[in-house]
Structure formats: structure tokens, C-alpha cells
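Remarks on the structure that follows.
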Amino acid sequence: MATSYDYEDAPADYEGAMDALGRGSSQDLGYDPNFVPDSVKTFVVHLYRHIREKNVYEIHQMYETSFQSLSDRLFKDTPWPSVDAVAHDVDNDHVFCLLYREMWFRHLYARLSPTLKQRIDSWDNYCSLFQVVLHGVVNMQLPNQWLWDMVDEFVYQFQSFCQYRAKMKNKTEQEIALLRQYDQAWNVYGVLNFLQALVEKSMIIQILEREKEGLEQFTATDGYDYNGGSNVLKVLGYFSMVGLLRVHCLLGDYHTGLKCLQPIDITQQGVYTSVIGSHIITIYHYGFANLMLRRYVDAIREFNKILLYIYKTKQYHQKSPQYEQILKKNEQMYALLAICLSLCPQVKLVEETVNSQLREKYGEKMIRMQRYDDEAFSIYDELFSYACPKFITPSAPSFEEPLVNYNQDAYRLQLKLFLYEVKQQQLLSGVRSFLKVYSSMYLSELATYMEVDESTLRTILMTYKHKTHAVDSDGKIISNADVDFYIDDNMIHVVESKPVKQYGDYFLRQIVKLEGVINDLDRVRLD
């Protein structure tokens, strides 16, 4: 099922034209929420039966394939039948009805424009669903794809609501009255509390710790329980750590976001890599957070791995409803990698294939970004604006003041902070170019070359030291510098980091070439 993290919000004038009680354009087109086609009834009955039988394979097939094909065939421009219309076919099962409504709202967000009332109803449904998972007895197994989509859509709808609410200028009186009445809907504390509660109640952090000691098998089974139990709470808790990273990135709190993800070792395969959408979203936000915290090496290393993975596997996802989103995130991560390498030229960390793609897409721009003139700053602005998450302002608007749109405020603040960081690095490229040439030189000599006095040069060198070092998640100071130095008296001594030679990749490439030659020789017929 397609994740919907990049769908645009409805235009403000469209939202304003809708009836505030929730009647959208679909009703005007003759949509009957109580009409259930036979194929939909069959789908619902079979899905309900497979969930009761814990048949994960069949559930996955119906969720990924049947739901999508029915949506394309019968509900391209309309919602699915209402939950009340299908409830009697599934014995009015409370949990199944909550799951059905979750899919119903997800389809609505993907294909149509939700009204304010529908946004609020979706929040209520998530509250009810998560309350059942947290405090009830959920004895079922669901595919990881579905569980990931729940968390992914929950965060997306929160982001979408914050963007919608921030566009106050064209709101009708009915919409403003509803916003006042349901001021707790999609409240940032409520969203964070649900995600954190899922993490804590699932005890997923303790499970992952025990797995390191060989006392648990969570990753090996992809989170599924083969002893007749349920995987729902555990896997939702696991994916909620990714959800927390994403929410904190939207809020601009990168340190807390990375701290929430810390129990997951992203240098290894894990349950998050079992779903392509989860894998990409995790690394995208992890890399972006590290970029904003000046941990460029960590960002480059993970962007390189995921971009290489997408390059090798994207052809297998061409028929997937997530394919367009995979391609979009792929392009965004290339833009972020271009920014990282322009600020921290550690090209040796990038695979040959990824580097070739990067040069093809952004080679000329990366050369211009090294100049640090007005054109360079405009390129940094352009790439950041294209590749950054859709930042949000989580606080409710003031209804007393003149109504204005403030949906771009958070983005402008993050852009300003980023460009300020770029501006501070303006002289560092000059320092780096001189340090690469010399093994040692006098301060006065470098000051002459850079056309500054010695006291200013010392400030620049201290800035270089500061900007090429960062604090990692364990509180240790790490270096991002490809060229470092120390000052002894008035002499600068350069210490160039030597790249570790990777012989494995070279030999693998040669083996593949040799196998190709052998295959060609086998096809040659000798007279």
C-alpha cells in the first residue's frame, strides 16, 4: 500500500468551499456511502477471515494487491463504502472496523481532499485504534507493511493537519468554529504521547537489547510471532521509534529525533529494512538530522548506502504503488548528499556508482557551491528547499489576531539557520585548499596568502576546527575533516587523513569481469 508522506495538502480555497460538517465533492458526484459492491463485500469478508485466522501471507496479498486494484477500479475519485455499510458483514467486530476505517481515511487522503471534519474523525479513529492496541488484548498478526503504513500515515496526517491549520487566511467561520471546538485534535503532545506509549508498552527497546545478547529473536523473524502470539504491539512500537524521529525532524529537534532512533542499529539489517518505505524514510530523516547537526560523515555514509541500494533494487518496485515516492526520495537524497559533500568533501566515502550518478545530477552545481558567492548561496537554498522535510508549526493559531497564513514560518526558520551555517563556512574552503598543498607553514605566510592579519587568521583556523568537528550521539567529539592541522608556536603542521583502502570492492569487480570473459569464451566455437 502506498505511503502518502509527500501528498500535498488541499488548496485553501477548496477547503473553504467544502461543507464544514464533512460533505465533500464525492457526495456531489453521487457517492453513496452505504452502497457496497459485491467485489468489496467479498474483499472485506475474506480479509476479516484471514485476520481471524492469522494468515499473514493472505492478509498481505489482499492489503497490497486487492485493496489497491479495487481502489483503482471502483474508487478512483470517491471514498470506499462507509464502515457502517460493511460492519454487519464482519460481525460488527470492533477492531476490524477500526482497521477498515484506518484504510478508508488513508485512501481518502491519497485520492481526494479531506475536509476538516474528516481530518478530526481520522484523529479520533487513530486514538481508538491505538487505545485498543495499548490497553486491550489484540490477538492477531498483521503484515509489517500494514503496520508501517499505520505509523507512517499517522505522522503524515499530523503534518498535513498542521500545514492545513496554519493556512488561516481563507478559513470560513464554520472551519474556525470547528478548530476552536476540537482544539485537541492532532495536538503535538497527543501525537508524541501515542508514539512514545507504543514504544514503552511494546518494550521494544528491551527486546532489542536482549536480542544483542542472543536471548531474543526479533530481527531474525522480521518481528513476527511464530508461537501463536501477536506481532502488532511489538512492531508498532518498533516503527514508532522511526515515527518519533520523523516528528522531531518536522519540529526541528534533530538531537531528540536521533536519540529516539538510537535503539535501532541502522548500520545493520533490521525490521525497518523489511519494508522499502520504512527503510528509505528512516535513512532520509537520519541523514537529514545528521546534516543539520554537522555530522556530515555519518550522513554521507548512510546516504551512500541507501542510494546504492535503491540503484540496485528500484527495478523490482516498478509496479509498486510506492514507486513514485521511492524515486522522489531518491532524488531528494542525492540533493542532500550534494550539500554534505560540498560542506565536507569526503568523496572517498561514496561508492563509484553513487558518485557517478551524483556528478551527472549535480556535478556543475557542486563546483559552483565551492565558491561561496551569491550564486553558491542560491544553489544551497534551492537544494535545501527541494530536499528538506515539510517543517511544521505545531502550536494552534491565535483566533483573535487578524487571520494570516503561517504555514511557511517553520521552513523559513530552518532555511535561515542552514544558510547561516553555510555562511560561516565561507572562508573554510580557502583554508582547506592551502592546507592540502603544504605539509607545514608559518602563520604569517598563510595570513599573507589569505590577505588577512594573523589574529584574523587564528580566528579562521579556530572556526575551521570547530566546523569540522561535531558531537556524536554518545557525546564524543568526532572529526569530519579530510585535512586537519595543529599549531606549534607559530608553525602550522598539516595532518592529512589517509583513506582506508577498500580492496574488497576492487576484487569483486574484477571477479565479475573475469566471469563475463569466461562466459564469452564459452560461447566461442573453436573449429
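Hydrogens, waters and symmetry mates play no part in the numbers below; they use all other heavy atoms, side chains included.
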How far apart are the closest heavy atoms of [X] and [Y], and which atoms are they?
X	Y	value
Ala338	Leu383	CB-CD1, 4.3 Å
Ile204	Lys234	CD1-O, 3.9 Å
Arg119	Pro114	NE-O, 3.8 Å
Val242	Ile264	CG2-CD1, 4.3 Å
Phe161	Ala185	CE2-O, 3.6 Å
Gly287	Ala299	O-CB, 3.5 Å

What's the spacing between [X] [atom1] and [Y] [atom2] if we round to 0.5 Å?
X	Y	atom1	atom2	result
Trp186	Ile392	CH2	CD1	11.0 Å
Tyr380	Met369	OH	CE	4.0 Å
Ile310	Ile326	CD1	CD1	7.5 Å
Glu360	Tyr334	CD	OH	9.0 Å
Leu307	Ile300	CG	CD1	12.0 Å
Gln196	Met241	CD	CE	10.0 Å

For residues [X] and [Y], determine if any side-chain heavy atom of one lies less than 4.5 Å from a side-chain heavy atom of the other.
X	Y	result
Asn144	Val271	yes
Trp123	Val191	yes
Tyr296	Gln346	no
Val132	His94	yes
Leu233	Val138	no
Met292	Phe384	yes
Phe194	Cys127	yes

Relative to each other, are the rings of [X] and [Y] parallel, tilted or perpendicular (30° and 60° limits)?
X	Y	result
Tyr254	Phe391	perpendicular
Phe288	Tyr284	parallel
Tyr63	Phe67	parallel
Tyr48	Phe96	perpendicular

Are [X] and [Y] linked by a side-chain donor-acceptor pair shorter than 3.5 Å?
X	Y	value
Trp80	Ser71	yes
Gln414	Lys416	no
Thr267	Arg301	no
Glu153	Gln157	yes
Gln145	Asp149	yes
Tyr126	Glu102	yes

Heavy atoms from other residues, nucleotides or ligands near [atom1] of [X] exceed 12 (cutoff 6.0 Å):
X	atom1	value
Arg52	CZ	no
Glu364	CD	no
Tyr323	OH	yes
Glu213	CD	yes
Glu382	CD	yes
Gln262	CD	yes
His255	NE2	no

- request: In sequence, state the C-alpha distance, the side-chain angles, and the governing distance for Arg210 and Gln206, and then conclude on side chain to side chain contact (heavy atoms under 4.5 Å, CB included).
  value: CA-CA 6 Å; Arg210 288 203 302 275; Gln206 292 84 342; 4.0 Å; yes
Quick one: does [X]'s side chain have a donor or acceptor within less than 3.5 Å of a partner on [Y]'s backbone?
X	Y	answer
Ser230	Met140	yes
Arg246	Gly257	no
Lys329	Ile281	no
Glu58	His50	no
Glu351	Leu308	no
Ser69	Ser66	yes
Gln141	Tyr224	no
Tyr286	Leu245	no
Asn125	Leu98	yes

Reference residue Glu216; test side chain to side chain contact (heavy atoms under 4.5 Å, CB included); the match among Leu208, Thr221, Ile207: Ile207
- prompt: For Leu147, which of Asp152, Leu142, Val133 qualifies under side chain to side chain contact (heavy atoms under 4.5 Å, CB included)?
  reply: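 That would be Leu142; it is the only one of Asp152, Leu142, Val133 passing the side chain to side chain contact (heavy atoms under 4.5 Å, CB included) with Leu147.
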message: Val155 vs Leu250, test: side chain to side chain contact (heavy atoms under 4.5 Å, CB included). Steps then yes/no.
response: CA-CA 10 Å; Val155 176; Leu250 294 174; 4.3 Å; yes
query: Should Glu331 and Lys361 count as an ion pair when the cut-off is N to O under 4.0 Å?
result: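 Yes, charged N to carboxylate O under 4.0 Å.
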- prompt: Does Lys328 come within less than 4.0 Å of Glu324, counting only side-chain N to carboxylate O?
  reply: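 No salt bridge links Lys328 with Glu324.
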query: What salt bridge (Lys or Arg N to Asp or Glu O under 4.0 Å) pairs are there with at least one residue in residues 195-209, not counting sequence neighbours?
result: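 Pairs touching residues 195-209 that pass the test: Glu209-Lys212.
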- request: Among residues two or more places apart or on two chains, list those pairs meeting salt bridge (Lys or Arg N to Asp or Glu O under 4.0 Å) that have a residue in residues 269-296.
  value: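 Those involving residues 269-296 are Arg294-Glu421.
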message: Can you confirm whether or not the ring centre of Phe105 sits under 6.0 Å from the ring centre of Phe154?
response: no
message: Is there a side chain to side chain contact (heavy atoms under 4.5 Å, CB included) between Leu341 and Val350? Walk through the geometry before answering.
response: CA-CA 10 Å; Leu341 289 172; Val350 181; 4.0 Å; yes
Side chain to side chain contact (heavy atoms under 4.5 Å, CB included) between Lys365 and Ser342, worked out: CA-CA 10 Å; Lys365 288 185 176 180; Ser342 297; over 6 Å; no
